[in-house]
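This one's a predicted model, so the numbers in the text were calculated from it and none came from an experiment.
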Amino acid sequence: MAPPRNVVKIAVQMRDAIPQLIRLDQAKPLAAVLKEVCDAWSLVHSERYALQFADGHRKYITENNRTEIKNGSILCLSTAPDLEAERLLGGLQCGSRERRRETLQHLVLLAPDMTFAQEVISRDGLQRLGTIIEDGDDLGELLALALRAFLELMEHGMVSWETLSIPFVRKVVCYVNMNLMDASVQPLALRLLESVTLSSPALGQLVKSEVPLDRLLVHLQVMNQQLQTKAMALLTALLQGASSTERKHMLDYLWQRNLRQFIYKNIIHSAAPLGDEMAHHLYVLQALMLGLLEPRMRTPLDPYSQEQREQLQALRQAAFDPEGESLGTGLSADRRRSLCAREFRKLGFSVSNPSLAPHPCLNPGLLCSRGLESLLSYLSLFPQNSNPAQDLERVPPGLLALDNMLYFSRHAPSAYSRFVLENSSREDKHECPFARSSIQLTVLLCELLHIGEPCSETAQDFSPMFFSQDQSFHELFCVSIQLLNKTWKEMRATQEDFDKVMQVVREQLARTLALKPSSLELFRTKVNALPYGEVLRLRQTERLHQEGTLAPPILELREKLKPELMGLIRQQRLLRLCEGTLFRKISSRRRQDKLWFCCLSPNHKVLQYGDVEEGSSPPTPESLPEQPFFLQSLWLISRHC
C-alpha cells in the first residue's frame, strides 16, 4: 500500500551513530519530528539540534523549505543554527591560527544557508569578519577564507553594501593593488569591489579613484582565468557606473592600451574554454562599446549645422565628383540646383519633401554672418520644397546613418561608387536607393545588436568579431550594405519591394550573427553564402518542421506513396504531350505572325508537328507528319506545357 502523499521515506544520520530510516509526516510540526529523532538516539534537549541536508550546501531544514524533502532524501542531525553560529564566532576570537582556519572553513561552508546567515549577522558576524579583513595580519589562506565568508553572507541581501565603511573598502582596494599577493585573495577582493561598485554609487566612485585602469589591465594579462574573470567583472562594473563621457574616455584609454587585441587573442581564443561568467562580462563590454553609438543614433541631423551640410555634400561629391570638381561650374543657378537635386535623388534621398520648417537657429541675431551665408548657400543648391537633410531627421538612426554612409564612402570608395553608379544606370523602379537603404539598414543593425537597450543580467551572447578590429560597427555596415545590394539584384526587386528586401536582409544578418563568427571576414563569407534562394529554402524547411511535415511517420508514408504518385505524374505529363499545344513561329525579323502545332504520337515514340492557320482548330495527329524523336525537344515541350 502506497504511503500518504504527505509522508516521505527518508534517512537521518548522525556522527558515530546508526542511521535511522523514518517515515516523515510533512503535516507534523518540525519540532515534534526532531523530538522523535533525538529520542531514538537518547538525546535530550532536542531544541539544541536541527536537521540539515547531508549533501550540497548542507541547508538547514525549516518549516519554510521542508517541502524540498523528497522520498530517498538523506538528512543529518546537527547543532541548531543559533548555537552553531555562536560557537563559530567564538572560534574567530581564538588565538590559535589552526583553530581560526578550521572555524572560517566551516563558516564558509554554512554561510550560503539563509537560516544560518541570519544567526551570524544578528550576532555581529559581519563586523568580526570585517575586522579580520581590515587587520590583514595574514595575507594568505585566512584572509581568503574571511573574504569568502564575508561575500557569502553579504549576498543574501540582508545588509546593504552601502553600509560598508570607507576604511574597509580602501583596505580591500589595497589587496587589489598589491603586487605580491596570494593568488586566492585578489579574485575575492575584486569580486567584493565589483559588488560595492554596482550597489553603491558613492563607494563606486571611491573604487574608481583608488583602482587604476592600468592595475586592472595587469590582472587581465595574468594567465589565471579566475583572476581575469574577476578583473573583467570589476572593469565592466566601473564602466557601467560611469557617465557616457567618462565611459568613452575610459574605453578610448583601454583601447589605446591594446585591451581589445588582448581580449581577442588571449581570452576569446585562449586554449582554456571560456567560462559562463567571462562570457557574460564580454557581452556587457560589447554592449557598452556599442552603446557609445547611442547619442549619435538619438540625434537628428541639423540642416543648419555647417559641418553636417558639408558631410552631405561630401557624400554626393564622392559618388559624382570623384575628382573634387565644383558642382556645375559655369552653369546657371537653376541648372545647378536641378543637377544637385538629381544627384541626391540618385543617391536615394527624398528631395521632394515639404520645405524646411522655421528653425530657431535661423535667426540673423543667433547666426554669425559667415554661418548665415553658408546656410543660404547650402539651401540655394536645392529647388524649393527639396532638401535631402530631412531624410536624416528621423531618430533612430539619426546621425548614425550619416556616419555609416560617410565611413562607407571613405573606407570603401570603390564599392561605394560601384553601388551608386550601378543603381543609377538601372531603370528608376529597379534602383536600390543607397540613402534610404542605409538609413533603414542602420535601424536594423541597431535593433539586431540591441543598441540603446539596457544590459541583460544573465546574457552571454557576445560576438567575437566586435573584438577583432576597430570601428567594428561601421565595418559591419559596409558588409551589410553590399549584401543588401546583392540581395536586391537576386530578388529582382523594385521600389515597391523595399520592405520585402529588408526582411530578407534582416534574416540573413540575424542568422549569420547567431553563428558568432570570429572575425568580420568570416562574417562576410558566411553572410554571402546565404543568398536569397537559400533563405527561401531555410524558411520552407523550418515551416515544414513546425507543421510536422518532416516527422518520421509522414516521411515514411511519403516514401511508400512516392512510386504511385510519380507514376500518376508521368501519366499526366504524357497525356498533356499527346494533346499537344500551339506555338508561335519567330521569323528572322522577330515577327510572330504564324503558328505551328506539336504533339506526341499515341505510341509515345515520335513527335508530330506542322503549320496551322490563325483561327483554325488544332489538327489531328493522323494529319501531321511523323518526325524523329528527340528527348531534348520533348523536355522543352513538357516544360512549356
Side-chain angles (χ1 to χ4, degrees), residues 293 296-297 301 305-329 336 339-351 378 381-382 388-389 391-392 397-426 428 430-446 465-466 468-490 493 501-502 505 508-509 512 519-528:
L293 302 170
R296 300 289 288 178
M297 183 186 76
L301 185 139
S305 165
Q306 182 177 353
E307 178 187 1
Q308 294 169 19
R309 295 196 302 271
E310 289 173 352
Q311 290 174 339
L312 273 175
Q313 288 298 328
L315 267 182
R316 183 194 61 78
Q317 290 171 355
F320 301 106
D321 299 328
E323 303 300 327
E325 300 173 0
S326 59
L327 176 67
T329 304
R336 189 157 53 95
L339 179 61
C340 184
R342 184 174 66 83
E343 289 179 348
F344 272 110
R345 192 179 302 111
K346 286 292 184 182
L347 270 177
F349 285 98
S350 302
V351 290
Y378 168 75
L381 291 175
F382 305 102
D391 289 6
L392 293 164
L399 291 175
L400 187 57
L402 179 60
D403 294 342
N404 278 335
M405 290 188 279
L406 283 169
Y407 188 92
F408 183 47
S409 68
R410 291 169 180 172
H411 291 80
S414 299
Y416 172 67
S417 298
R418 186 165 56 251
F419 186 114
V420 176
L421 298 178
E422 180 182 294
N423 284 285
S424 298
S425 62
R426 295 177 186 164
D428 287 347
H430 286 287
E431 285 183 3
C432 179
F434 172 73
R436 182 184 177 191
S437 299
S438 298
I439 292 168
Q440 194 59 37
L441 182 61
T442 303
V443 174
L444 173 57
L445 288 174
C446 290
M465 73 175 180
F466 287 106
S468 65
Q469 66 181 80
D470 296 325
Q471 303 296 336
S472 54
F473 180 80
H474 297 312
E475 290 288 343
L476 176 62
F477 171 83
C478 293
V479 174
S480 302
I481 192 67
Q482 294 175 77
L483 169 72
L484 190 151
N485 189 41
K486 173 175 170 284
T487 303
W488 184 281
K489 291 186 288 186
E490 290 171 352
V501 175
M502 292 307 304
V505 171
Q508 291 171 315
L509 294 175
T512 309
S519 67
L520 191 71
E521 284 306 314
L522 189 57
F523 176 86
R524 188 197 309 272
T525 301
K526 289 183 177 295
V527 80
N528 285 326

Inset, instruction - Can you sort out the partners of A435 under side chain to side chain contact (heavy atoms under 4.5 Å, CB included), two or more places apart, ordered by chain and number? - result: F349, M405
Legend entry - Atom pair SG (C446) and CZ (R296), whose distance is rounded to the nearest 0.5 Å: 12.5 Å
Inset, instruction - Determine, step by step, whether L406 and R410 satisfy the side chain to side chain contact (heavy atoms under 4.5 Å, CB included) criterion, reporting the C-alpha distance in whole Å, the side-chain angles of both residues, the deciding distance to 0.1 Å, and the verdict. - result: CA-CA 6 Å; L406 283 169; R410 291 169 180 172; 3.8 Å; yes
Legend entry - L400 and H474, any side-chain heavy atoms less than 4.5 Å apart: yes
Inset, instruction - Locate the shortest heavy-atom distance separating G348 from D391; write the atom from each residue and the value. - result: O-OD2, 4.4 Å
Legend entry - L476 CG to L445 CG distance, which is reported to the nearest 0.5 Å: 5.0 Å
Legend entry - From CD (Q313) to SG (C340), nearest 0.5 Å: 5.0 Å
Legend entry - E431 and S424: side chain donor to acceptor below 3.5 Å: no
Inset, instruction - Measure the spacing between CG of L421 and CZ of F434 and express it to the nearest 0.5 Å. - result: 12.0 Å
Inset, instruction - Would you mind telling me which of L509, T512, T442 makes a side chain to side chain contact (heavy atoms under 4.5 Å, CB included) with S480? - result: L509
Legend entry - Residues that E475 engages under side chain to side chain contact (heavy atoms under 4.5 Å, CB included), provided they are two or more places apart: Y407, Q469, L520
Inset, instruction - Indicate yes or no: at least one non-hydrogen side-chain atom of L399 is less than 4.5 angstrom from one of L392. - result: no
Legend entry - Inter-residue atom distance N423.CG - R418.CZ, 0.5 Å rounding: 11.5 Å
Inset, instruction - Give the minimum heavy-atom separation between Y416 and A318, together with the two atoms involved. - result: CE2-CB, 3.7 Å
Legend entry - Short side-chain to backbone donor-acceptor contact, Q482 and C478, under 3.5 Å: yes
Legend entry - Exam field: side chain S305 to backbone L301, donor-acceptor pair closer than 3.5 Å: no
Legend entry - Interatomic spacing from CG in D403 to CZ in F408 - rounded to 0.5 Å: 15.0 Å
Legend entry - Check: S414 main-chain N/O paired with S417 side-chain donor or acceptor under 3.5 Å: no
Inset, instruction - Report the residue from L484, N404, I481 that forms a side chain to side chain contact (heavy atoms under 4.5 Å, CB included) with S438. - result: I481
Inset, instruction - Could you check M297 against V443 for side chain to side chain contact (heavy atoms under 4.5 Å, CB included), going step by step and ending with a plain yes or no? - result: CA-CA 9 Å; M297 183 186 76; V443 174; over 6 Å; no
Legend entry - Check: W488 side chain, L483 main-chain N or O, donor-acceptor pair, under 3.5 Å: no
Legend entry - For M465 against S519, the heavy-atom pair lying closest together: CB-C, 3.7 Å
Inset, instruction - Output, in order, the C-alpha distance, side-chain angles, deciding distance and verdict of salt bridge (Lys or Arg N to Asp or Glu O under 4.0 Å) for K346 and E343. - result: CA-CA 5 Å; K346 286 292 184 182; E343 289 179 348; over 6 Å; no
Legend entry - Heavy-atom neighbours of K526 NZ exceed 12 at 6.0 Å: no
Legend entry - Residue pair Q306 / E310, side-chain donor-acceptor N/O under 3.5 Å: yes
Inset, instruction - Compare every heavy atom of H430 with every heavy atom of A493, then report the nearest pair and how far apart it is. - result: O-ND1, 3.2 Å
Inset, instruction - Would you name the heavy atoms of A401 and P397 that are closest together and state the gap between them? - result: CB-CG, 3.6 Å
Inset, instruction - Of all the heavy-atom pairs spanning L347 and R316, show the shortest one and how long it is. - result: CD1-CA, 3.7 Å
Legend entry - Test side chain to side chain contact (heavy atoms under 4.5 Å, CB included) applied to F344 and S350, step by step: CA-CA 8 Å; F344 272 110; S350 302; over 6 Å; no
